[in-house]
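Here the structure comes first, spelled out in structure tokens, and everything after it is commentary.
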Amino acid sequence: MAASIDSLNKFLASPGQLKSLLAVIKGFRNGAVYGVKVRFPHALVMTFLFKSGSLQSKVETILEATFTHSKNLALFVLLYKSLTSLMASLQSKPEQYHSFLAALIGGYLVFGKYNKVNEQINLYLLSRILYALVKLAVKRGYIPQPNRPVFPWFAALVWGIVLWLFEYEKDTLQPSLKSSMTYLYHDSNVWTSLKNFIWHNK
């Protein structure tokens, strides 16, 4: 048994093309596992907090969202790692544009299909890359390094815009954000008794 495990470990540690193939397989595995870890608790909490319906329908919603997130992330990692590995082998070395091109193709094929899970993932990434691009612009010297804190102004702008949109252009916001803001800012204007003032929303 120990000899078999040693042989397997040596195989998994193989260099070159075999290692690239094994990295693709492990990437697919990690994508699937990470998708479950991220989506299941999120779907569980959001479904039981904000969704109505039977217990069965809630469980189905949670499992469907978890499966979609896990499957799509696994497929994307598989595509991305396969394409970057292929391009690097064709050009004898990795290039920066390989990452962009591989992710562009994977993003179109996997995350380009509209559903609620893909929408949330894409919006999550959009906010992160906008923030990162501003940092990159400072790092590369395209814009000067601020000499005072800018985060308070960033927060002010984000909250100013989103509340203006919520109050006056609500139909432009994502449904889950609109639902959360309705609960926070509009439902708090309505009550008829102590019961729905403190214990219940409505």
Would you indicate whether the side-chain heavy atoms of [Y] and [X] approach each other to under 4.5 Å?
X	Y	answer
Val134	Val150	no
Met46	Lys51	no
Ile105	Phe100	no
Lys170	Met181	no
Asn118	Phe111	yes
Leu163	Tyr185	yes
Val162	Trp159	yes
Val117	Arg39	yes

**Report entry** Criterion side chain to side chain contact (heavy atoms under 4.5 Å, CB included) against Tyr34, the qualifying member of Val38, Asn30, Val36
**Finding:**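 Of the listed residues Val38, Asn30, Val36, the side chain to side chain contact (heavy atoms under 4.5 Å, CB included) partner of Tyr34 is Val38.
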
Requested in this report: Determine, step by step, whether Arg29 and Val33 satisfy the side-chain contact (heavy atoms from CB on, under 4.5 Å) criterion, reporting the C-alpha distance in whole Å, the side-chain angles of both residues, the deciding distance to 0.1 Å, and the verdict.
Outcome: CA-CA 6 Å; Arg29 175 260 179 206; Val33 170; 4.1 Å; yes

Query raised in the report: Cut-off 3.5 Å, side chains only: do Gln91 and His98 have a donor facing an acceptor?
Result: yes

**Report entry** Connected via hydrophobic side-chain network under 4.5 Å: Val24 and Leu22
**Finding:** no

Any donor-acceptor N/O pair, [X] side chain to [Y] backbone, under 3.5 Å:
X	Y	answer
Ser85	Ser82	no
Ser179	Pro175	no
Ser70	Thr66	no
Thr68	Ala65	no
Ser57	Ser54	yes

Report task. Please state whether the rings of Tyr168 and Trp164 are parallel, tilted or perpendicular, taking 30° and 60° as the class boundaries. Result -> tilted

Report task. Please work out whether the ring planes of His186 and Phe166 are parallel, tilted or perpendicular, with thresholds of 30° and 60°. Result ->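 Ring orientation of His186 relative to Phe166: tilted.
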
From [X] [atom1] over to [Y] [atom2], what is the distance, rounded to the nearest 0.5 angstrom?
X	Y	atom1	atom2	value
Gln120	Asn115	CD	CG	9.0 Å
Leu165	Leu173	CG	CG	5.5 Å
Leu78	Ile25	CG	CD1	9.0 Å

Query raised in the report: Does the separation of the ring centres of Phe154 and Phe151 fall below 6.0 angstrom?
Result: yes

Query raised in the report: Are Glu60 and Lys58 close enough for a salt bridge, meaning some N to O gap below 4.0 Å?
Result: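 No salt bridge links Glu60 with Lys58.
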
Query raised in the report: Got a sec: does the CZ of Phe48 have more than 12 other heavy atoms crowding it under 6.0 Å?
Result: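 It does: Phe48 CZ has more than 12 such atoms within range.
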
